[in-house]
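Chain A is the first sequence line, chain B the second, and so forth, proteins listed ahead of strands; every chain is numbered from 1. A quick note: this is a predicted structure, and the numbers were derived from the prediction, not measured.
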Number of protein chains: 2
Amino acid sequence: MCCEDRLAAELRQRNMRMTPQREMVLRVLHDLPAGATAEEILQQVASLSPAVDLSTVYRSLDLFESLDLVSSYNGPNNERRYELLTIHQPHAHLQCQRCGKLQTIDLQTLDTVAAELLGSHRFILRSEHLVLPGICHTCSEQQSAASA
Amino acid sequence: MCCEDRLAAELRQRNMRMTPQREMVLRVLHDLPAGATAEEILQQVASLSPAVDLSTVYRSLDLFESLDLVSSYNGPNNERRYELLTIHQPHAHLQCQRCGKLQTIDLQTLDTVAAELLGSHRFILRSEHLVLPGICHTCSEQQSAASA
DNA sequence: GTTGATGCAAAACCTTTGCACCGAG
DNA sequence: CTCGGTGCAAAGGTTTTGCATCAAC
């Protein structure tokens, strides 16, 4: 797991310590590709080591975020979800407003808009933090089936 | 205020009641083009009628959202902001991750992506609910000035 | 007069913080 | 051995809920 080494390096550089808790949070994030809430992460961590506290999870996540290892975004139900930036291809999310499901899309899809926004508003789009709301395939089919 | 009539109509249709509180929340939203938090809305409403309760504001906002009069999005600081959909041109937001400022952009800017997402993922983008994170003009200038 | 909406207070969440103790370096 | 990190508990902030009362229809 390369992110572990990277974490260790960043920590050393700042006189911070590598702990089992941080390692576990990192590993859990690694295994949850779609992102997870702090609570979900805690549950996974607890299955490895039950005594870990939610506040530790939050502190680890904040730390990882400040090291650009993790990014957070607001998922459905207004819940904050955290996701490893290092392992997966950079990507954005499609979020269904009906069923809440998240899909992943390639960043290239957004290149055109990004360029446009830079030109028109001098705004640097950070697509990897982006959640696009809408209605997913399944839900829109259900809807049209229901109204038919 | 056309949205008032629309609200009245929707309410009647559902056997719900038009109340001074709902009217006030609607009017305040009308006067806060950039959107506002429940708390901010309450403050404005309180200046008209001090006894109104925060929970009433929340209930009104939930109601308006379910009637598609209002949309909510997560602004900077993870706060939920509410915005009238009816009066302004439909638009999306640019949100600066550095300074938190919100800009408004035209929906047409997103037409290309919307079409692409529909084609590739059969996902119906609801651009009017969209908040695009990134770095604004001012902040990116500051940054390059600082590093120079 | 009915019954939906309100205000109030309390609960329910989620996230952060203070502090004594523990353990990574 | 030192000082940064942890667990625990408590506080903070926001949103929701239960209930008696009020007022729109």
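Counting all heavy atoms, side chain and backbone alike, A:I135 lies closest to A:S140 at CG2-N, 3.8 Å. For the residue pair A:V131 and B:L130, the shortest heavy atom distance occurs at O-CD1, 3.7 Å.
For the atom pair A:L118 CG and A:S120 OG, the distance stands at 8.5 Å (nearest 0.5 Å). Summarising the geometry, atom CG belonging to A:L42 is positioned 9.5 Å from atom OG1 belonging to A:T37; distances are rounded to the nearest 0.5 Å. Rounded to the nearest 0.5 Å, atoms CD1 (B:I105) and CG (A:L117) are 5.0 Å apart.
Cluster membership for B:I124 and B:L107, using ILVMFWY side-chain heavy atoms within less than 4.5 angstrom, is not shared.
Contacts classified as side chain to side chain donor-acceptor pair (under 3.5 Å) and involving residues 39-48 of chain B (residues at least two apart or in different chains) are given here: B:E40-B:R81.
Residues from residues 35-46 of chain B that place a heavy atom under 4.0 Å from any atom of DNA chain C: there are none. Within residues 53-62 of chain A, the residues that have a heavy atom under 4.0 Å from DNA chain C are, in order of number, A:L54, A:S55, A:Y58, A:R59, A:D62.
Contact between the side-chain N/O atoms of A:R22 and the OP1/OP2 oxygens of D:dG5 is found at a separation under 4.0 Å.
Residues passing the side-chain hydrogen bond (donor to acceptor under 3.5 Å, both in side chains) test with A:H93, sequence neighbours excluded: A:E83. Not counting sequence neighbours, B:E116 has no partner by the salt bridge (Lys or Arg N to Asp or Glu O under 4.0 Å) test. In this structure B:R59 satisfies the salt bridge (Lys or Arg N to Asp or Glu O under 4.0 Å) test with no other residue, sequence neighbours excluded. Considering only residues two or more places apart in sequence or on other chains, B:R12 meets the salt bridge (Lys or Arg N to Asp or Glu O under 4.0 Å) condition with none of them. Here B:R14 pairs with B:E10 under the side-chain hydrogen bond (donor to acceptor under 3.5 Å, both in side chains) rule; sequence neighbours left out. Scanning for salt bridge (Lys or Arg N to Asp or Glu O under 4.0 Å) contacts around A:R122 gives an empty result, with sequence neighbours left out.
A heavy-atom distance below 4.5 Å is found between the side chains of B:E23 and B:E4. Within the 4.5 Å cutoff, side-chain heavy atoms of A:R27 are placed close to those of A:D31.
Rounded to whole Å, the distance from CG on A:L11 to P on D:dC3 is 19 Å. Rounded to an integer number of Å, the gap from B:L7 CG to D:dA24 C1' is 14 Å. The interatomic distance linking A:E79 (CD) with D:dT15 (P) rounds to 15 Å, in whole Å. Rounded to an integer number of Å, the gap from CD of A:Q21 to C1' of D:dC8 is 14 Å.
Taking 4.0 Å as the cutoff to heavy atoms of chain B, we find the contact window on DNA chain C bounded by C:dT2 to C:dC8.
Around atom CD of A:E65, more than 12 heavy atoms belonging to other residues, nucleotides or ligands sit under 6.0 Å away.
Listed nucleotides D:dG4, D:dA23, D:dT6 differ in distance to B:R17; the shortest reach to its side chain belongs to D:dA23.
Summary for the helix from C:dG1-D:dC25 to C:dG25-D:dC1: the axes at its two ends, each from 5 pairs, differ by 40° when rounded to the nearest 10 degrees.
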Review item, nucleotides 10-13 of chain D N/O atoms under 3.5 Å of protein N/O:
none

